[in-house]
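Report on one structure; see the data block that follows.
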Amino acid sequence: QQGVAHGDQHRIGFAIAFFTLIMASVALHELGHMIPAKRFGVRVPKYFVGFGPTLWSTTRGETEYGIKWFPLGGFVRLLGMYPPPPLDDRPRAASRLNQLADAARDQEWQEITPTDVTDKRLFYQKKTWQKLVVMAGGPVMNLLIAFVLMLGVTGLYGVYRAQTTVGYVQPCVLTDSTRTECADTDPKSPAAAAGLQAGDRVVSFNETMITSYSQLSSLIRANLDAEARLVVERGGQEVALAPVHTVINEVADTLDPGRRLSAGWLGVSPKQELVKGGPVEVLGDMWLQTKQSVVALVQFPVKVWHVMVGMVTGQPRDVYDPISILGASTVAGQVIASDQVTPGAKVATFVSLLASVNLFLALFNFVPLPPLDGGHIAGALYEWVRRKFATLSKRPDPGFFDTAKLLPVAYGVGGLLLLSGVVLILADIISPISLF
């Protein structure tokens, strides 16, 4: 019992450490906004990590720095996010949308001084490229953190990568999905029928030279149930195997591993080797994770709904379910506390998880909806395009884009994110994902 209690303390301790590092990443994200904003002359009244009541703060110059009670994010306040409305908008101020926009604008402008306006210290007064740099600075900071962390893991420890060498040959095609072992009535797998052996290096598939396992996997999947001709290197010699037909089977989606799809199947598993690499390999890994993250973001609302339904009905969590920051910290704690992972692998996995969280935070914030950074980027680009179009068509300058009118969208998106966050946190407490 003492060993179990010690293991729990170990796991909780590293989960807290992981959570702290995520909050440090959030703090650096906000620095990515604040540093260029100050460099361009924008007045920055507040820089805080967390939300809710203030736990601690100090003022340096014109900026108050501090920590809030609920460490679930952070913010940097840039003065002048809402431009004054054009004079011709005033007659329409009675609409509910304009009233909401004017209320938010009036609250912000209570802090703005005439000097701020004349010295052009307000965000909306800045050039388009400066707005883009400021708003992209946060996500770019997370991208840099992810790159540095992944480069450290790849360069110092290495990453397990699938090779073109066969690691395991599935002996049969399972006719019953409830079984994991072959029965006498199960047909041979195409790989077994062709005579593939563990240790064979695949040289070509249907006369296409193989340079990577990902290429081989794509060719097998696209082959469906057509004929497959393989040439392998065995014992230093090339051997042409007996032609077979791949079969259509359920396989994991490359970009959404939790989803199964029908594709060609051969029945082999690649040999995994720990391979070190540099920036090129890291960028390739980041690109694959980016595509997977985009798919996850598109499916995010539906998956959160499924998590909520599963939590209510008592269904076990899937390892590919979305998780909160609390859930990610719990997973990191499980990895570190596990006796099934070597010390080097523990550190590499811990750092890789932190890198993945930073990459996802960056991509998430690039979503072009307010109040996310991508929404402000989209607003700045729209303002620039509108002004350029007016210039080319010799029309009057339409002025600044009134971002305050996007507040209903911002409130809607913010409400959805808040609800999703609450659901995922509750799910991570009630039914946490378990890796071991």
Side-chain angles (χ1 to χ4, degrees), residues 16-82 104-117 119-126 130-146 148-149 324-326 328-329 354-355 357-362 364-366 370-377 380 403-404 410 414 417-418 421:
I16 293 174
F18 189 83
F19 184 85
T20 303
L21 290 173
I22 293 178
M23 287 301 99
S25 300
V26 171
L28 290 172
H29 173 103
E30 299 305 333
L31 278 179
H33 292 307
M34 187 180 72
I35 291 174
K38 283 180 171 285
R39 179 67 179 83
F40 298 145
V42 178
R43 185 148 77 89
V44 183
K46 293 180 182 293
Y47 169 91
F48 274 85
V49 175
F51 298 102
T54 299
L55 176 62
W56 168 87
S57 72
T58 182
T59 301
R60 294 288 184 271
E62 61 186 16
T63 305
E64 180 185 9
Y65 303 85
I67 300 174
K68 298 286 187 177
W69 269 105
F70 303 108
L72 296 175
F75 67 94
V76 57
R77 187 179 174 204
L78 309 177
L79 210 60
M81 296 296 291
Y82 304 135
R105 190 185 352 264
D106 290 344
Q107 184 176 4
E108 182 185 42
W109 277 75
Q110 290 178 3
E111 191 175 350
I112 295 175
T113 66
T115 303
D116 293 327
V117 179
D119 292 347
K120 294 187 176 180
R121 303 211 56 200
L122 305 179
F123 179 78
Y124 79 86
Q125 295 175 310
K126 300 304 173 180
Q130 293 176 324
K131 293 178 182 178
L132 297 179
V133 170
V134 171
M135 298 317 303
V140 168
M141 180 68 77
N142 290 122
L143 287 176
L144 291 175
I145 294 172
V148 171
L149 293 177
S324 66
I325 293 177
L326 177 64
S329 303
L354 185 61
V357 170
N358 273 276
L359 179 58
F360 185 80
L361 285 175
F364 182 75
N365 275 281
F366 274 129
L372 301 174
D373 299 330
H376 295 290
I377 292 173
T403 52
L417 295 179
L418 178 61

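Quick note: residue numbers are just sequence positions, from 1. The figures that follow rest on heavy atoms only: side chains count, while hydrogens, waters and symmetry mates do not.
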Between Val76 and Met34 the two heavy atoms that sit nearest each other are CG2-CB, 3.9 Å
So which atom in Ala410 and which in Pro371 form the shortest heavy-atom distance, rounded to 0.1 Å?
O-CD, 3.5 Å
Gap separating the CG atom of Leu132 from the CG atom of Asp373, nearest 0.5 angstrom
12.0 Å
I need the minimum non-hydrogen distance between Arg43 and Ile112, along with the two atoms involved.
NH2-CA, 4.4 Å
Report the distance from atom CD1 of Ile145 to atom CG of Leu28, rounding to the nearest 0.5 Å.
4.5 Å
Output the distance between atom CG (Leu361) and atom CE (Met141), rounded to the nearest 0.5 Å.
13.5 Å
Between His29 and His33, what is the ring plane arrangement, given parallel below 30°, perpendicular above 60°, and tilted in between?
perpendicular
Take Ile22 and Ser329 through the test side chain to side chain contact (heavy atoms under 4.5 Å, CB included) and record every step on the way to the result.
CA-CA 9 Å; Ile22 293 178; Ser329 303; 4.1 Å; yes
Given side chains that start at C-beta, do those of Phe364 and Leu417 come closer than 4.5 Å, heavy atoms only?
yes
On a heavy-atom basis, which atom in Lys68 and which in Gly52 lie closest, and how many Å separate them?
CD-O, 2.9 Å
Donor-acceptor under 3.5 Å (Ser57 side chain, Glu64 main chain):
no
Is there a side chain to side chain contact (heavy atoms under 4.5 Å, CB included) between Val117 and Gln125 once you walk through the steps?
CA-CA 8 Å; Val117 179; Gln125 295 175 310; 3.9 Å; yes
When you measure from the side chain of Glu108 to the backbone N and O of Tyr82, does any donor-acceptor pair fall under 3.5 Å?
yes
Do you know which two heavy atoms are closest between Leu359 and Ala146, and how far apart they sit?
N-CB, 3.9 Å
Might you point out which heavy atoms bring Leu31 and Pro36 nearest each other, and give the distance in Å?
O-CD, 4.0 Å
In this structure, CG of Leu144 is separated from CG of Leu149 (nearest 0.5 Å) by 10.5 Å
Would the distance check show the side chain of Glu30 and the main-chain N or O of Phe48 forming a donor-acceptor pair, the cut-off being under 3.5 Å?
no
Checking Thr403 side chain against Met81 main chain: does a donor-acceptor pair fall under 3.5 Å?
yes
For the side chain of Asn358 and the backbone of Ala355, is there at least one donor-acceptor N/O pair under 3.5 Å apart?
no
With heavy-atom distances below 4.5 Å as the criterion, would you say the side chains of Phe75 and Phe51 are in contact?
yes
Listed partners of Thr115 passing side-chain hydrogen bond (donor to acceptor under 3.5 Å, both in side chains), at least two apart
none
Can you list the residues that meet the salt bridge (Lys or Arg N to Asp or Glu O under 4.0 Å) rule with Lys38, with sequence neighbours excluded?
none
Rounded to the nearest 0.5 Å, the OH atom of Tyr65 sits from the OG1 atom of Thr59 at a distance of 9.5 Å
Using side-chain heavy atoms (C-beta onward) and a distance below 4.5 Å, is Arg60 in contact with Tyr47?
no
For Trp109 and Tyr124, take the angle between the two ring planes, folded into 0 to 90°, and tell me which bin it lands in: parallel under 30, tilted 30 to 60, perpendicular over 60.
tilted
pair Phe19-Leu72: side-chain heavy atoms closer than 4.5 Å
yes
Stepwise, does the side chain to side chain contact (heavy atoms under 4.5 Å, CB included) test hold for His376 with Val134?
CA-CA 10 Å; His376 295 290; Val134 171; over 6 Å; no
Flag the pair Val49 / Pro71 as yes when at least one side-chain heavy-atom distance between them is below 4.5 Å, and no otherwise.
no
Under the 3.5 angstrom rule, does the side chain of Lys126 hit a backbone N or O of Lys120 as a donor-acceptor pair?
yes
Would you compute the distance between atom CZ of Phe18 and atom CD1 of Ile16 and round it to the nearest 0.5 angstrom?
13.5 Å
If the threshold is 4.0 Å, N to carboxylate O, is there a salt bridge linking Arg121 and Glu62?
yes
